Amino acid sequence: MSENKCRVIAIFKPIAGHHEEIKTLLLTISQEVLLENGCEEYQLHESVDGRLVFVETWTTRALWEIHNDATTVARIRAGIKDKLEGDVEVIEMYSL
């Protein structure tokens, strides 16, 4: 039986005045992440309260972990530094 796909929700809450900047950064980098090995979905959504939410699907947890060390994630971390209300909330989950 194949490994269960890794699904991830990543929630960003930009500080006032940085919302558009963060949204543009995430949309731009998301196109590159879609080309990473194992990435099946990397879709940015915007909640009605202004949070920016990635919905991700990875073929395996191991490939998602590799993504977490990728230059794309490093660029996201650099671009959001001091521009969010708290840390990015990351929820890792698997189908039952």
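Predicted model, so just to flag it, every value in this text is computed and none were measured.
Using a 4.5 Å cut-off on side-chain heavy atoms (C-beta onward), C39 and L34 make contact. With a 4.5 Å cut-off on side-chain heavy atoms, S95 and R7 count as touching. At a threshold of 4.5 Å between non-hydrogen side-chain atoms, the residues K23 and L25 do not count as touching. Within the 4.5 Å cutoff, the side chain of V8 has no heavy atoms near those of the I91 side chain. You'll find the side chain of P14 reaches within 4.5 Å of the side chain of L52, heavy atoms only. Side-chain contact between I9 and V90: absent, with no pair of heavy atoms (C-beta onward) separated by less than 4.5 Å.
Under a hydrophobic clustering in which Ile, Leu, Val, Met, Phe, Trp and Tyr are joined whenever their side-chain heavy atoms come within less than 4.5 Å, directly or via other members, W64 and V33 fall into the same cluster. L44 and I22 fall within the same hydrophobic cluster, where Ile, Leu, Val, Met, Phe, Trp and Tyr residues are linked whenever their side-chain heavy atoms come under 4.5 Å apart, directly or through other members.
Contacts of T71 classified as side chain to side chain donor-acceptor pair (under 3.5 Å), with partners at least two apart in sequence or in another chain: none. Judged as a side chain to side chain donor-acceptor pair (under 3.5 Å), and not counting sequence neighbours, the contacts of E92 are R61, Y94. Residues satisfying the salt bridge (charged side-chain N to carboxylate O under 4.0 Å, His left out) test with D49, not counting sequence neighbours, are R51. Checked against side-chain contact (heavy atoms from CB on, under 4.5 Å), V73 has the following partners two or more places apart in sequence or in another chain: H67, R77. For the side-chain contact (heavy atoms from CB on, under 4.5 Å) test, residues two or more places apart in sequence or in another chain that qualify with I15 are H18, E85.
Interatomic distance, K13 NZ to I80 CD1, rounded to the nearest 0.5 Å: 15.0 Å. Between the CG atom of L63 and the CG atom of N68 there is a distance of 11.5 Å, given to the nearest 0.5 Å. Remark: L35 CG to N37 CG distance equals 11.0 Å, nearest 0.5 Å. Rounded to the nearest 0.5 Å, atoms SG (C6) and CE (M93) are 9.0 Å apart. Remark: T60 OG1 to W58 CH2 distance equals 9.5 Å, nearest 0.5 Å. Here the CD-CG distance, from Q43 to L27, works out to 8.5 Å after rounding to the nearest 0.5 Å.
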List the steps, then state whether side-chain contact (heavy atoms from CB on, under 4.5 Å) holds for I76 with F12. CA-CA 11 Å; I76 289 172; F12 301 73; 4.0 Å; yes
Derivation and outcome, salt bridge (Lys or Arg N to Asp or Glu O under 4.0 Å), residues R75 and E32: CA-CA 11 Å; R75 287 175 34 225; E32 296 172 43; 2.7 Å; yes
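Although no hydrogens or angles enter the test, the distance criterion places no donor-acceptor pair under 3.5 Å between the side chain of H45 and the main chain of F54.
Sorted by first and then second residue, the salt bridge (Lys or Arg N to Asp or Glu O under 4.0 Å) pairs with a member in residues 33-44 read K5-E40; sequence neighbours excluded.
Heavy atoms from other residues, nucleotides or ligands lying under 6.0 Å from NZ of K83 number more than 12.
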